[in-house]
Number of protein chains: 2
Amino acid sequence: MAASTLTEVARLAGVSPATASRVLNGSARKPGPGVSERVRQAAETLGYIPNAQAQALAKSSSGLVGLIVHDIADPYFSAIARGVQEVAREQHKMVLLATTGGTPADEKDAVAAFAARRADAIVIAGSRSRRPEDDKGNADLAAELDRYCRNGGHVGVVGQAIVGAGALDGYHLVEVPNEELAAELAGKLAAGHSGEFVIIGGPEGLITSDDRIRGFQSGLAAADRSPAEVLRASFNRAGGYEAGLELARRIREARASGASKEGEKPGLCIFAANDVMAIGATAGLRSQGFRIPRDALIAGFDDIETLRDFRPGLSTVRLPLEEIGRLATLSTSGPEAPDGDGHHDGGAAVTGEVTLRRSTEWTP
Amino acid sequence: MAASTLTEVARLAGVSPATASRVLNGSARKPGPGVSERVRQAAETLGYIPNAQAQALAKSSSGLVGLIVHDIADPYFSAIARGVQEVAREQHKMVLLATTGGTPADEKDAVAAFAARRADAIVIAGSRSRRPEDDKGNADLAAELDRYCRNGGHVGVVGQAIVGAGALDGYHLVEVPNEELAAELAGKLAAGHSGEFVIIGGPEGLITSDDRIRGFQSGLAAADRSPAEVLRASFNRAGGYEAGLELARRIREARASGASKEGEKPGLCIFAANDVMAIGATAGLRSQGFRIPRDALIAGFDDIETLRDFRPGLSTVRLPLEEIGRLATLSTSGPEAPDGDGHHDGGAAVTGEVTLRRSTEWTP
DNA sequence: TGTCGTTGGGAAAGCGCATTCCCACTGCAT
DNA sequence: ATGCAGTGGGAATGCGCTTTCCCAACGACA
């Protein structure tokens, strides 16, 4: 038994398919009440479910929103996904999920797949990269996106503009003031910590990471502190863990050389470019017997939900992740917001909040 | 500029649409090499992207996998989602996401939407409910699913059979031995704890929760212990937190009445029906000044990834969540596995592992 | 009473593709 | 030279729905 079609419903109701279509889907023309009732009855008894594919084909709009993330199980992305999902639901759309691990080539494939499905909008979360080895991939991705936009698609980008993408209509950006917030964080940390700073960042070229690092450094500079050394690792917990091990080694050396002592105010304050790295670093340090904030201070970025139950409370920058997902999605469908701030589209901007917790608070 | 169509490609290549279709999509009939090359060229220069909607309509198979979860930002679900996503990717399918908060009515809507999109398969994660107030919703959901299956759809269910769904072909179950594992956990905990047990469960009727509670009780019984009292709360962190507050009150009373003393081996061992509840409960207790495992022992269930960085290490039952997602998805597309175990389909089963950590380990 | 605007419904033309025929042509055995 | 299977390509149909166009019936107005 195949699913019943509009034609069958129409026949049962004794009307034409055209009429049936008019009553069952929100058409401009409203048929007479008697007819409507008959059609609705027929649809009910047949258990009619409209074929969305056919609808999409006929009116070339699919009711689909594509979402591209690095990893859906990463709390940062799943929070954004929740926001996207909410808006999609409100708009009676469905979200199509693609996870890419951040590889531009995979992201390009995802965009192509979304385009093939004629998704009404695409939301891209996750940092773009500027690494030379990704140039080719980025160019391809940008080309794919441009094509998608030229064909009438809308893309909402979280964080930063797509490298190399044209300034087309259809691009919408949710700006995250990573640099400013990182600077502010640095300032506040510098006020409470007189020792050294070190940064755990993602791979060089990862824009979000770079922005945060740059911001942090400039914040340090503004507080008359010398620039922090930057450790590079992958932009996830594993990377943070690695870096944590390395830092443990250094602390141990400092202790051995007498440059610092256990029980003293820690000489090191770590800034990890995102929370999961901070968590990883904490785990790495802990595995070597070091404690936060006893032996080192540490701060992260994002304020992912997981932190609520992380001990010690991690200092970080609160980002309204769910809201970011919402905004990115809304921007793709919203009214063509009047442009006033120099962007080529009505992009939205969010703000964050520096949140100091116990991980950067040393008490004798 | 609208996206170019197969017909345009065909015209450019100087062939018929039929031929173009044959070369660009894996058809059984392979056109001659000269023609193929021309068509491919034309497609390339036009930037042709096949319209998946039209393809789906024509061959009635959409390459879509629907995934239904309660909340995509819950680590339990996002881990499963990751598994589903992986398999989908391997099979060159895309996943459609729906989050329902566990409401049967919403789940029914999601199934209908997936059916409308002619999803090749639907994976339902998240516990079904048996509560009377959900009877109607469950029945509707089951009816919707039955219809979907009868129309040739495949559904993969995580955990337990759909209440009220017929024993149709098309249902595939990934069995999770919640009851057995909970019993095993109870046994191991009873070996190390001579005091009282209390269970924090989800709402009565939530099958996963009920299964785990029943298992835990029978495990206690097997160890000659009296049944634990069951506290009911919502099946998430907030529910756990509530329960944690209540338990804090009780511990305080016990202390006040002299029934227990601070610094003594805790008289209470808590079993939360899932990890996020356990985490919530821990937070609730902590907010009242109580510590784990100093003032109470606690264990959870699932071993979500978040636990890796949760202190104290939470005793739990390790479930291969990602694998569960994978299996559920594979089961919907796999070979019609020979049936031998009495199920009406080739359902898969996973196993878990009791994992004891510091949260249930009291040291003076 | 005749004409004109309105209304409610049907017929038909796609939307972009897959696929089933069908045809022209080749190479081979008879 | 005739028949045949086999091959590579095109024409046409249909997937299920929307939407434009068209037509009949109806009321109102002069």
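Residue numbers start from 1 in every chain, and the chains themselves are labelled A, B, ... in the order their sequence lines are given, proteins ahead of strands.
Residues B:G156 and B:T332 approach most closely at N-CG2, 3.5 Å, considering heavy atoms.
We find that CG of B:L24 is positioned 16 Å from C1' of C:dT19, with the value rounded to whole Å. To the nearest angstrom, P of D:dC15 lies 21 Å from CZ of B:R117. Atoms CG (A:L57) and C1' (C:dC17) sit 8 Å apart, rounded to a whole Å. If you take CG of A:N25 and P of D:dG16, they are 15 Å apart, rounded to a whole angstrom. Atom CG of A:N151 is separated from atom P of C:dG16 by 11 Å (rounded to the nearest Å). Rounded to whole Å, the distance from NZ on B:K59 to C1' on D:dT13 is 18 Å. Atom CG in A:L46 sits roughly 14 Å away from atom C1' in D:dG16 (whole-Å rounding). Remark: P of D:dA11 and CZ of B:R11 are 13 Å apart, rounded to the nearest angstrom.
Residue order along DNA chain C, read from the 5' end via each residue's closest nucleotide, puts B:A54 first among B:A54 and B:A18. If A:V15 and B:N51 are placed on DNA chain C by their nearest nucleotide, the residue sitting closer to the 5' end is A:V15. Each of B:A58 and A:A58 has a nearest nucleotide on DNA chain D; the 5'-most of these lies closest to B:A58.
Using a 4.0 Å cut-off between charged side-chain N and carboxylate O, B:E144 and B:R147 make a salt bridge.
Listed pair B:S21 / C:dA18 meets the phosphate criterion, a side-chain N or O lying under 4.0 Å from OP1 or OP2. Distances shown here put every side-chain N or O of B:T19 at or beyond 4.0 Å from the OP1 or OP2 atom of D:dG9. At D:dT18, one or more side-chain N or O atoms of A:Q55 fall inside 4.0 Å of OP1 or OP2 (strictly under the cut-off).
Here the side chain of B:P50 is nearest to one of D:dT19, C:dC17, D:dC15, namely C:dC17.
Checking each of B:T100, B:I68, B:V111 against B:D106 for a side-chain contact (heavy atoms from CB on, under 4.5 Å) leaves exactly one that passes, namely B:T100.
Looking at heavy-atom distances under 4.0 Å, B:P17 makes no contact with the nucleic acid at all. Within the 4.0 angstrom heavy-atom criterion, only backbone atoms of the sugar-phosphate kind lie near A:T5; the bases stay farther away. Within 4.0 Å of B:L6, counting heavy atoms only, lie sugar-phosphate atoms of the nucleic acid but no base atom.
A tilted orientation is assigned to the rings of B:H70 and B:F77, their planes being inclined by 30° to 60°.
For A:R22 against C:dG10, a side-chain-to-base donor-acceptor contact under 3.5 Å is present. For C:dG16, the base has no donor-acceptor partner in the side chain of A:R118 [N/O atoms by modelled type, under 3.5 angstrom].
Residues B:I80 and B:E322 have side chains not in contact (no heavy-atom distance under 4.5 Å, counting atoms from C-beta outward).
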